[in-house]
Each structure stands twice: as C-alpha cells, then as structure tokens.
Amino acid sequence: MKLKNVAVAVVALALAVGMTACGGSASSTAASSSEAASSVAASSEAASEAASSEAASTSAAAGELTTVEAGKLTMATNATFPPYEMTTDAGDFEGIDIETAQAIADKLGLELQIDDMDFDAALLSVQQGKADIAMAGITVTDERKAVMAFSDSYATGIQSIIVPEGSDIASPDDLAGKKIGTQRGTTGYIYCTDDFGEDSVVAYDNGLTAVQALNNGQVDAVVIDNAPAKEFIAANPGLVILETSYAEEDYAIGLAKGSSLEDAINSALEELKADGTLQSIVDKYISAE
Ligand code: ARG
C-alpha cells in the first residue's frame with residue numbers, strides 16, 4: 001500500500017469534486033485515511049542511539065554501502081518546510097523526512113548526517129554526489145528524473161494556493177494576471193511559470209518568506225505544498241487555503257543517477273511502510289482531521 005499523507009488525503013477527499021488541477025502531473029486520487037494510524041510515535045531517536053558509529057562500521061549492511069562519508073548517510077535538505085523538515089527552537093532538526101531518514105540510516109547501519117541548505121541547492125547536492133540522499137518533500141517530476149534518480153514514493157503532496165481572506169482568487173484559473181509567490185526551485189514555481197509566465201511569479205528563498213510577502217501585499221497568492229501551507233496559515237491569521245488545489249504529486253527521496261544506494265534505500269523504505277513505522281512518523285506530525 002502506498003502511504004498517504006493523512007491530512008492531505010482528507011483535504012484531497014474534500015476537494016475531489018470539481019478539482020481542476022491545471023498544472024503539474026495529476027497522480028493519485030484521494031485516499032481514505034490510513035488504517036494503520038498508530039498512537040505510538042516511532043522512537044527513532046532511541047534506535048539511532050543504539051546504532052552508534054562503531055556498530056555501523058562493523059555491520060554487514062554498511063560494509064556493502066559506499067557513501068559520501070564512510071559510515072554516514074549524508075542527507076541534503078531545506079529545513080524550512082514544516083512538517084517535513086524544520087528546526088526546533090534549540091536548533092535541532094525535526095520533521096517527517098528527518099525521522100524517516102533516521103529510520104533508514106538505522107536500518108542501513110549508518111549514522112545520519114543532515115546538511116541544511118536552500119532547496120535548489122539540496123537537489124544539486126545529491127546530483128553532484130555531495131550528499132547521499134536529498135529529502136525535502138521532493139516531488140518526482142520528469143524534468144528532475146532527467147538529472148537525478150528517485151526512490152519509491154513515500155508520500156503524496158498537493159500544491160495548494162494561499163490567498164488573503166476575501167481575495168477574488170477562487171480557483172487556479174484566477175491566478176492569471178496575478179502576482180504569485182513561490183519558493184525558488186519548487187514545483188510551485190515551475191507549474192506557475194509554465195502556466196502564467198515568469199513575469200507573474202516571484203521566487204522566494206523559502207515558503208515562509210513567500211507567505212510574509214503575501215501578508216505585506218507584495219504578491220496576490222502563494223502556491224506551495226499543502227502540509228506546509230496549513231502550518232503557515234495557522235500562524236498567519238487572515239490567510240486561507242483555496243479549496244481547489246493546483247496539482248497533486250508524489251514525494252520521493254532524491255538520489256544521484258546510478259546511485260549504488262537505491263536498492264538499499266528502497267528496501268528500507270519498504271520495511272518502514274510495511275511495519276507501520278512510516279505511518280507512525282506521519283501521525284506524529286500530521287493529525288488526521
Ligand atoms: N514538493 C515541492 C518540490 O519538490 C516543494 C518542496 C520544498 N521542500 C523544502 N524542503 N523546501 O518542488
């Protein structure tokens with residue numbers, strides 16, 4: 001079973017009628033909430049402590065894997081994308097991708113090393129072999145597949161449209177002639193420039209700065225993934241998410257083309273899906289509505 005982002009699935013379900021995805025590749029339809037919802041969050045921290053670097057270097061799994069830094073799984077990310085990756089007040093990384101990567105690293109007997117950078121840099125980092133994996137709520141697209149590889153998908157995403165309350169923008173088509181804020185290098189940027197032209201789209205360093213620009217009236221709408229969109233509007237009264245989504249997509253782990261890690265990553269992911277770990281990580285960060 002393909003794991004579904006529960007909250008997104010619920011939203012997708014609510015929007016299933018009259019959906020006009022005018023950009024991007026429509027993929028799956030709405031799924032029911034997971035039957036595997038677990039009340040216990042995965043304790044990947046505990047597991048990671050058990051997998052010390054000594055253990056990793058002697059483990060059979062690690063012995064067969066060649067990574068950027070021996071004994072480590074180096075992950076490029078952009079930790080401005082709650083609930084997939086963000087930083088705590090103390091400066092630690094947390095989120096669905098962080099814990100999933102930790103669980104994969106544990107399975108492979110590797111120590112997780114997180115490198116935080118801009119989103120477009122994270123995509124490049126893995127292509128250039130500076131990181132073993134890129135995990136950043138990354139959407140699988142044909143254009144990206146031309147320059148990098150992807151693991152099996154581990155979540156479904158939706159591109160959503162955030163507008164100020166009372167906006168005359170009510171559907172994706174209404175974005176025509178408007179200024180649209182996006183995060184640089186994301187599918188939101190790519191779809192909007194394809195559909196409405198580069199002059200209509202402003203690229204910001206991250207989703208939060210795009211949302212701040214919306215608050216300041218510098219753009220008329222922000223197109224961004226639904227899960228962070230929800231977190232941003234919760235923190236910014238006066239903004240709403242349109243009921244009609246813009247596009248649906250699949251998230252996967254980015255790898256270098258021809259990466260020797262692909263099979264090991266997919267096996268680990270498969271196990272984490274099968275034993276409910278992945279679902280419990282999602283449930284820890286996204287509550288079903
Ligand atoms: N899903 C979108 C994409 O792949 C946006 C991902 C942004 N992720 C992030 N960590 N900032 O283009």
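Along the sequence shown, the residues carry numbers beginning at 1.
- Classification of the Tyr251-Tyr154 ring pair by plane angle, with boundaries at 30° and 60°, yields tilted.
- No single ILVMFWY cluster, assembled from side-chain heavy atoms under 4.5 Å apart, contains both Met75 and Val68.
- By the salt bridge (Lys or Arg N to Asp or Glu O under 4.0 Å) test, Lys130 pairs with no residue at all, sequence neighbours left out.
- The closest donor-acceptor contact from the side chain of Ser259 to the backbone of Leu255 lies at 3.5 Å or more, if one exists at all.
- Remark: Asp152 engages no residue in a salt bridge (Lys or Arg N to Asp or Glu O under 4.0 Å) (not counting sequence neighbours).
- Residues passing the side-chain contact (heavy atoms from CB on, under 4.5 Å) test with Ala122, sequence neighbours excluded: Ala76, Met117.
- For CG of Asp199, the number of neighbouring non-hydrogen atoms (other residues, nucleotides, ligands) closer than 6.0 Å is 12 at most.
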> When you look at Phe119 and Phe81, which way does the ring-ring contact (aromatic ring centres under 6.0 Å, His included) test go after all the steps?
Replying inline: CA-CA 10 Å; Phe119 180 69; Phe81 196 72; 7.3 Å; no

>> Between Asn226 and Ser160, does the side-chain hydrogen bond (donor to acceptor under 3.5 Å, both in side chains) criterion hold? Intermediate values first, please.
In response: CA-CA 5 Å; Asn226 184 262; Ser160 287; 2.8 Å; yes

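- Residues meeting the salt bridge (Lys or Arg N to Asp or Glu O under 4.0 Å) test with Glu198, sequence neighbours left out: none.
- Taking CG from Leu124 and CE from Met148, the interatomic distance works out to 9.0 Å, rounded to the nearest 0.5 Å.
- Tyr246 contributes atom OH, which lies 6.5 Å from atom CD1 of Ile180 (distance to the nearest 0.5 angstrom).
- Residues Leu175 and Val223 come closest through the heavy atom pair CD1-CG2, 4.1 Å.
- Identified under the salt bridge (Lys or Arg N to Asp or Glu O under 4.0 Å) test for residues 200-220, with sequence neighbours left out: Arg184-Asp205.
- In the model, Glu99 has a side-chain atom that pairs as donor or acceptor with a side-chain atom of Tyr285 under 3.5 Å.
- By the salt bridge (Lys or Arg N to Asp or Glu O under 4.0 Å) test, Asp168 is found to be paired with Lys178, residues two or more places apart in sequence or in another chain being considered.
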